[in-house]
Amino acid sequence: MKKTIYLLAALLLLSVNFSCKKFLNVEPLSKLSGNNYWKTEGDAEGFALGMYRSFREATMQSVLFEIGDTRCGWAIPSSKGYPPRIDFTYMATNNLKMAIAARADRSLPGYEANAINEWFQLNSRYDLIQKWAPFYKVIQSANIMVKEVAAMPDGALSPAKKKQYIAEAVFMRCVSYFFLVRLFGDVPYYTEAYNQEALPRTNMVKVLKSCLEDLGAVKNDLPWTYNDPTFKGIRAMRGGAIDLMMHMNMWCAGFDAGNAPAYYTQVDELGNELQDIGVDQQKAYRLMPIEQTYLIMFGKSQEGLFEIQLSDNTGENTAKLRYKYSFSVVHNPFFASSDRPVSELVYNADFMKKIYPESGTDKRKTVWFDENIYDQTGVWQFYKFYNRAALVQFSDDNPIIFRLADAILLHAEALAELGRDGEAATLLNVIRARAGADLYPANPGEGKIKDAIFLERAKELMGEGHHFYDLVRTRKILDPKFTPNPLSFSAFQAGAWTWPIDPSATINNPYMTLNNYWR
């Protein structure tokens, strides 16, 4: 039996059967839709929308974003929460097998069946995170789009529009590989359309360097922003491509230390391009007032660089309510539709006092939090994703993948790594000034500039899924000063920071290997 990705012209989507012989075997589109496809701009546009939809499905089928904050971090289940979120404890202690066990293997030693606790594991679908097939569905779509759009007849698309569609496909391929690398480390890599070969895993630094080369060649074909507000942030923009390239360079620097200065220099150049052209010249992006953070989270703001659109109006957000970090940090009566007297997720009080000193000035303390900011019982509320003044609340926030504040802090981090502390402090203070916070080094207890930037990212991006990956790429995951559950060096080297790969990946692929740490 062959493994086939079916291109359904009517739906413009791909579906994959992963119980097959070939790694990826794709039927030519002409067999399914005739020879009249890829003739008009409508064909390209429809296929592009299907590609974005596939990415949304790949990222939103589980708590993929949430684990960026809960894994090996300071987030913990509230002490008064009922039912208790034992899955948060599993994430905090890097006990991935137990989180997955509710669906995958309840025979694991130490696993205690508990219907209430299992409800969260069953509905959060930690088990789906180990299946990389949905991301390869996006990658294959992108590869096909690059090939077919390039071959479209003259006159079907303007030269600029053809370049833009190809750039969008390359961006979506690269952002999918970025997600895969952060989850699994080394992953199979290919860019051919209709690939039929069984492939081994490729070194993750090589994967990201290939992505950087491909994206660098086309990023200028993307618009800085869109005149149509319905596309802003949710389709590839040049600012999102730049931030993705900054992230990939920073990840490479963490795992290719001998070449780290070159990666940091690239981040500096990309950060300058984003600021000098995207912000200053084009006016495409800006930092919004801290009081309007909820508008950033709602989506399509000038601070957003790339995000996933979800909406209560379509019902998909409601269906995924339990998957969302934002729903875990509020409770009645603020969120009237919930039945919980306390928030399910809180943060270690000592950590909160470290990033938000009790005597310090920072508007985020009062705009984003209620008066119980240091509470661990669950009475606290974290309003970052909501309009506190609204009479009726909706869990209508978009998962934000990249935004301008993230890029500025990455730039600051790269400058600090290059020994340019003064410039790094200037960028750090751009974020602090926006928040009305004490400027660096106003608080001498914060330590060195690198640590200050790391903690600023933990504070500014809390709830947006970055913290665990920041711990990994900086190796701060080895340091108990930055995580209550550090990994040992040997465990880190063995791949304890990765996610288990589902064994189905090895079916009929003699070249495939799994992450041995989790076997």
Side-chain angles (χ1 to χ4, degrees), residues 4-16 23-59 132-180 188-197 199 207 210-223 226 228 231 234-238 240-241 244 306 308-309 401:
T4 305
I5 294 183
Y6 293 94
L7 292 177
L8 301 181
L11 299 177
L12 301 169
L13 297 175
L14 299 170
S15 63
V16 184
F23 174 70
L24 283 172
N25 180 20
V26 184
E27 293 288 350
L29 184 64
S30 59
K31 288 187 178 181
L32 296 167
S33 60
N35 294 320
N36 294 322
Y37 201 66
W38 296 112
K39 300 297 184 183
T40 68
E41 183 171 341
D43 294 337
E45 177 68 7
F47 194 89
L49 294 178
M51 177 179 61
Y52 284 104
R53 180 176 179 84
S54 293
F55 182 76
R56 180 171 56 185
E57 292 171 351
T59 52
W132 58 26
F135 282 109
Y136 280 106
K137 178 179 175 181
V138 182
I139 290 165
Q140 185 72 320
S141 295
N143 292 343
I144 291 169
M145 187 168 181
V146 169
K147 175 182 174 64
E148 299 294 354
V149 169
M152 289 180 72
D154 294 341
L157 292 171
S158 69
K161 196 67 176 179
K162 179 178 285 193
K163 288 181 178 180
Q164 180 181 325
Y165 277 126
I166 291 173
E168 285 191 74
V170 172
F171 173 84
M172 293 306 297
R173 180 174 72 205
C174 291
V175 78
S176 296
Y177 276 124
F178 177 63
F179 270 72
L180 286 168
Y189 176 78
Y190 71 104
T191 59
E192 298 80 14
Y194 311 114
N195 179 70
Q196 299 184 47
E197 300 300 320
L199 300 174
V207 170
S210 296
C211 288
L212 284 166
E213 182 178 355
D214 290 346
L215 195 52
V218 301
K219 69 176 174 61
N220 290 351
D221 296 327
L222 292 169
Y226 292 91
D228 186 341
F231 290 158
I234 65 171
R235 289 187 75 151
M237 303 187 301
R238 199 180 310 183
L244 172 58
F306 186 57
I308 297 173
Q309 182 174 11
I401 298 177

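As a basis for the values below, the full set of heavy atoms in this structure was taken, side chains included, without hydrogen atoms, waters or symmetry mates.
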Atom pair [atom1] ([X]) and [atom2] ([Y]), whose distance is rounded to the nearest 0.5 Å:
X	Y	atom1	atom2	result
Met51	Ser176	CE	OG	9.0 Å
Thr191	Gln140	OG1	CD	10.5 Å
Asp43	Met152	CG	CE	6.0 Å

Apply side chain to side chain donor-acceptor pair (under 3.5 Å) to Arg173 and list each qualifying residue two or more places apart in sequence or on a separate chain. Asn143, Asp214
Please check this pair: side chain of Arg56 against backbone of Gln309, looking for a donor-acceptor N/O pair closer than 3.5 Å. yes
Anything under 30° is parallel, anything over 60° is perpendicular, the rest tilted; go ahead and classify Phe231 against Tyr226. perpendicular
Trace of the side-chain contact (heavy atoms from CB on, under 4.5 Å) decision for Phe47 with Ile144: CA-CA 10 Å; Phe47 194 89; Ile144 291 169; 4.0 Å; yes
Could you tell me whether Lys162 atom NZ has more than 12 heavy atoms of other residues or ligands within 6.0 Å of it? yes
With a cut-off of 6.0 Å (strictly less than), are more than 12 heavy atoms of other residues, nucleotides or ligands near CG of Asp154? no
Going by atom types alone, do Tyr52 and Glu168 pair a side-chain donor with an acceptor below 3.5 Å? yes
Partners of Tyr165 by ring pair (Phe, Tyr, Trp, His ring centres under 6.0 Å), sequence neighbours excluded? none
Residues in ring pair (Phe, Tyr, Trp, His ring centres under 6.0 Å) with Tyr189, at least two apart? Tyr177
Worked check of side-chain contact (heavy atoms from CB on, under 4.5 Å) between Phe178 and Ile401: CA-CA 11 Å; Phe178 177 63; Ile401 298 177; 6.0 Å; no
For a side chain to side chain contact (heavy atoms under 4.5 Å, CB included) with Phe171, tell me which candidate from Asp221, Leu215, Val218 qualifies. Leu215
Closest heavy-atom pair and its distance - [X], [Y]:
X	Y	result
Ala236	Phe306	N-CE1, 4.5 Å
Tyr136	Pro188	OH-O, 2.5 Å
Trp132	Leu180	CB-CD2, 3.5 Å
Ser54	Lys137	OG-CE, 3.5 Å
Lys147	Ala193	CD-CB, 3.5 Å
Val149	Leu157	CG1-CD1, 4.0 Å

Apply the test side-chain contact (heavy atoms from CB on, under 4.5 Å) to residues Arg235 and Leu49: give CA-CA distance (whole Å), side-chain angles for both, the deciding distance (0.1 Å), then the verdict. CA-CA 9 Å; Arg235 289 187 75 151; Leu49 294 178; 3.9 Å; yes
Sub-4.5 Å side-chain heavy-atom contact between Ile308 and Thr59: yes
Side-chain heavy-atom pair Gln164, Pro223 within 4.5 angstrom cut-off: yes
